[in-house]
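Each remark here refers to the structure printed beneath this line.
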Amino acid sequence: MPERNVLVVLFDGVQSLDVTGPLEVFTGAARAAGDPGAYTVRTAAPGGAPVRTSSGLTVVPDLDLAGAPRPHTLVVPGGQGTREPDARVLDWLREHGPAAERLVSVCTGALLLAGAGLLDGHRATTHWSVCEHFAREYPRVDVDPDPIYVRDGRISTSAGVTAGIDLALALVEEDLGREVALTVARHLVVFLRRPGNQAQFSAQLAAQTARRDPLREVQHWVTEHPAADLSVEALAGRAALSPRHFARAFQAETGTTPGRYVERVRLEHARRLLEDTADPVARVARACGYGTPEAMRRAFVKALGVAPAEYRRRFRPAPHPA
């Protein structure tokens, strides 16, 4: 089994969970594989000096960043320290980042990779709150604000905090197999992995709440009645507006179209039923307004990259033993 040298970059203002999440996954995977050399994980900071995380925790690095060996997997976490990045970190990334076999960022660590020119021409994501800034600041990066992580060749970027664990588990599954990744996930009490293109947050959070009562009431009604007729015409009737006026007003006030909002609500409801019940897929499809299992399958594959049955297999908790 080849040894994979994992290097985690530290700096003042780093988010501690962005560091410890992937670190626990990789070190746990080496133990689960029965080979301590499967991953050798080290941390490094400018000058080898202790860093203070955004939560006030002090972390002592293993190495001086300037003398760190060429990593197989280079992990760049995020945190408040990415707002005014340490020039020594950016310079080191510019010089040594291209030599790493895998580049990985967690949360706003993507801003450091982009600042070093390592994401130009690549698709990437980061925490939803900074995606607009990311896209404006680095127009040569194809920023996707929706997924929890994105993999583009040797470059992998993830959204905030726990998404770094999801991404690290996906890398372990690729390197060492599903059973090792599953063992680590069970130890950390997390699901094996969420699909990378699962949305960062729910339909209700993704859409703004409408200002006007009729539109806000329509939003609430949709979430409570996903199996109903949710066509633009039907929803416009509930709001006492013409379909054209309703569609324009809904998008202006919520930031999304009625159709897209309905798609997200139905998908979210279907996910909950698959996770929380043993109902057959056909019944779940009807309860969520898809009509047929095939229509729901197409929606899941498009949005999540997996079919409903596979989603349930991954994410429904195992029953407790008698």
Side-chain angles (χ1 to χ4, degrees), residues 7-19 21-22 46 51 53-55 73-98 100 102-168 170-171 194-203 205-208 251 254-257 260 264 303-305:
L7 184 68
V8 184
V9 177
L10 302 181
F11 48 86
D12 282 325
V14 71
Q15 161 63 255
S16 58
L17 290 176
D18 289 359
V19 174
V51 301
T53 70
S54 57
S55 60
T73 299
L74 176 60
V75 179
V76 182
Q80 294 178 359
T82 63
R83 297 177 182 176
E84 296 181 1
D86 189 322
R88 294 172 296 175
V89 172
L90 290 179
D91 289 343
W92 188 90
L93 288 174
R94 289 189 190 98
E95 181 177 356
H96 299 279
R102 280 197 304 226
L103 283 176
V104 177
S105 70
V106 183
C107 196
T108 54
L111 298 177
L112 298 181
L113 292 183
L118 299 172
L119 296 184
D120 289 355
H122 291 278
R123 179 169 166 257
T125 193
T126 186
H127 192 276
W128 62 268
S129 65
V130 298
C131 279
E132 288 187 12
H133 165 77
F134 190 19
R136 286 196 309 270
E137 194 74 14
Y138 301 103
R140 298 185 64 184
V141 181
D142 180 12
V143 180
D144 190 340
D146 288 331
I148 60 171
Y149 63 81
V150 167
R151 301 192 63 190
D152 185 355
R154 72 185 188 97
I155 298 175
S156 300
T157 54
S158 61
V161 186
T162 57
I165 294 176
D166 292 301
L167 175 54
L171 296 175
R194 294 177 287 172
N197 53 353
Q198 182 169 316
Q200 290 193 31
F201 38 64
S202 68
L205 290 176
Q208 306 165 34
Q251 183 163 10
T254 67
T256 189
T257 65
R260 179 63 175 150
R264 287 181 170 179
L304 304 178

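Here the structure is a predicted model, which means the values were calculated and not measured.
- When side chains are defined from C-beta on, Pro22 does not count as touching Leu167, because their heavy atoms never get closer than 4.5 Å.
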Next on the checklist: Using side chain to side chain contact (heavy atoms under 4.5 Å, CB included), reason through Tyr138 and Asp120 one step at a time and then give a plain yes or no.
Outcome noted: CA-CA 8 Å; Tyr138 301 103; Asp120 289 355; 5.7 Å; no
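- Going from atom CG of Leu171 over to atom CG of Asp166 covers 11.0 Å, rounded to the nearest 0.5 Å.
- Considering only heavy atoms from C-beta on, His122 stays 4.5 Å or farther from Asp142 through its side chain.
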Considering only distance and modelled atom types, tabulate donor-acceptor pairs under 3.5 Å from the side chains of residues 7-17, sequence neighbours left out.
{"residue": "Asp12", "atom": "OD1", "partner": "Arg52", "partner atom": "N", "Å": "3.0"}
{"residue": "Gln15", "atom": "OE1", "partner": "Leu17", "partner atom": "N", "Å": "3.1"}

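- A side-chain N or O of Thr53 and one of Ser55 form a donor-acceptor pair less than 3.5 Å apart.
- Between Ala170 and Tyr149, the shortest heavy-atom contact is CB-OH, 3.5 Å.
- Sorted by first and then second residue, the salt bridge (Lys or Arg N to Asp or Glu O under 4.0 Å) pairs involving residues 128-139 (not counting sequence neighbours) form an empty list.
- Comment: Asp91 engages Arg94 in a salt bridge, judged by a side-chain N to carboxylate O separation of less than 4.0 angstrom.
- Checking Thr157, Leu119, Thr125 one by one against Phe134, the side-chain contact (heavy atoms from CB on, under 4.5 Å) holds for a single residue, Leu119.
- Of all the heavy atoms in Ser156 and Arg151, the pair that sits closest is OG-NE, 3.4 Å.
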For residues 74-83, run the donor-acceptor check on the side chains, cut-off 3.5 Å, and write out each pair with its distance to 0.1 Å, sequence neighbours left out.
{"residue": "Thr82", "atom": "OG1", "partner": "Gly79", "partner atom": "O", "Å": "2.8"}
{"residue": "Thr82", "atom": "OG1", "partner": "Thr108", "partner atom": "OG1", "Å": "3.1"}

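- Leu118 pairs with exactly one of Leu112, Leu113, Val141 by the side-chain contact (heavy atoms from CB on, under 4.5 Å) rule, that one being Leu113.
- When all heavy atoms of His127 and Cys107 are compared, the pair lying nearest together is CB-SG, 3.7 Å.
- Remark: Arg123 does not engage Asp152 in a salt bridge, criterion side-chain N to carboxylate O under 4.0 Å.
- Nearest heavy-atom pair, Ser158 versus Ser105, reported as atom, atom and distance to 0.1 Å: OG-O, 2.9 Å.
- Using a 4.5 Å cut-off on side-chain heavy atoms (C-beta onward), Asp146 and Trp128 make no contact.
- Contact record, Ala110 with Thr126: CB-CB, 4.1 Å, taken as the closest heavy-atom pair.
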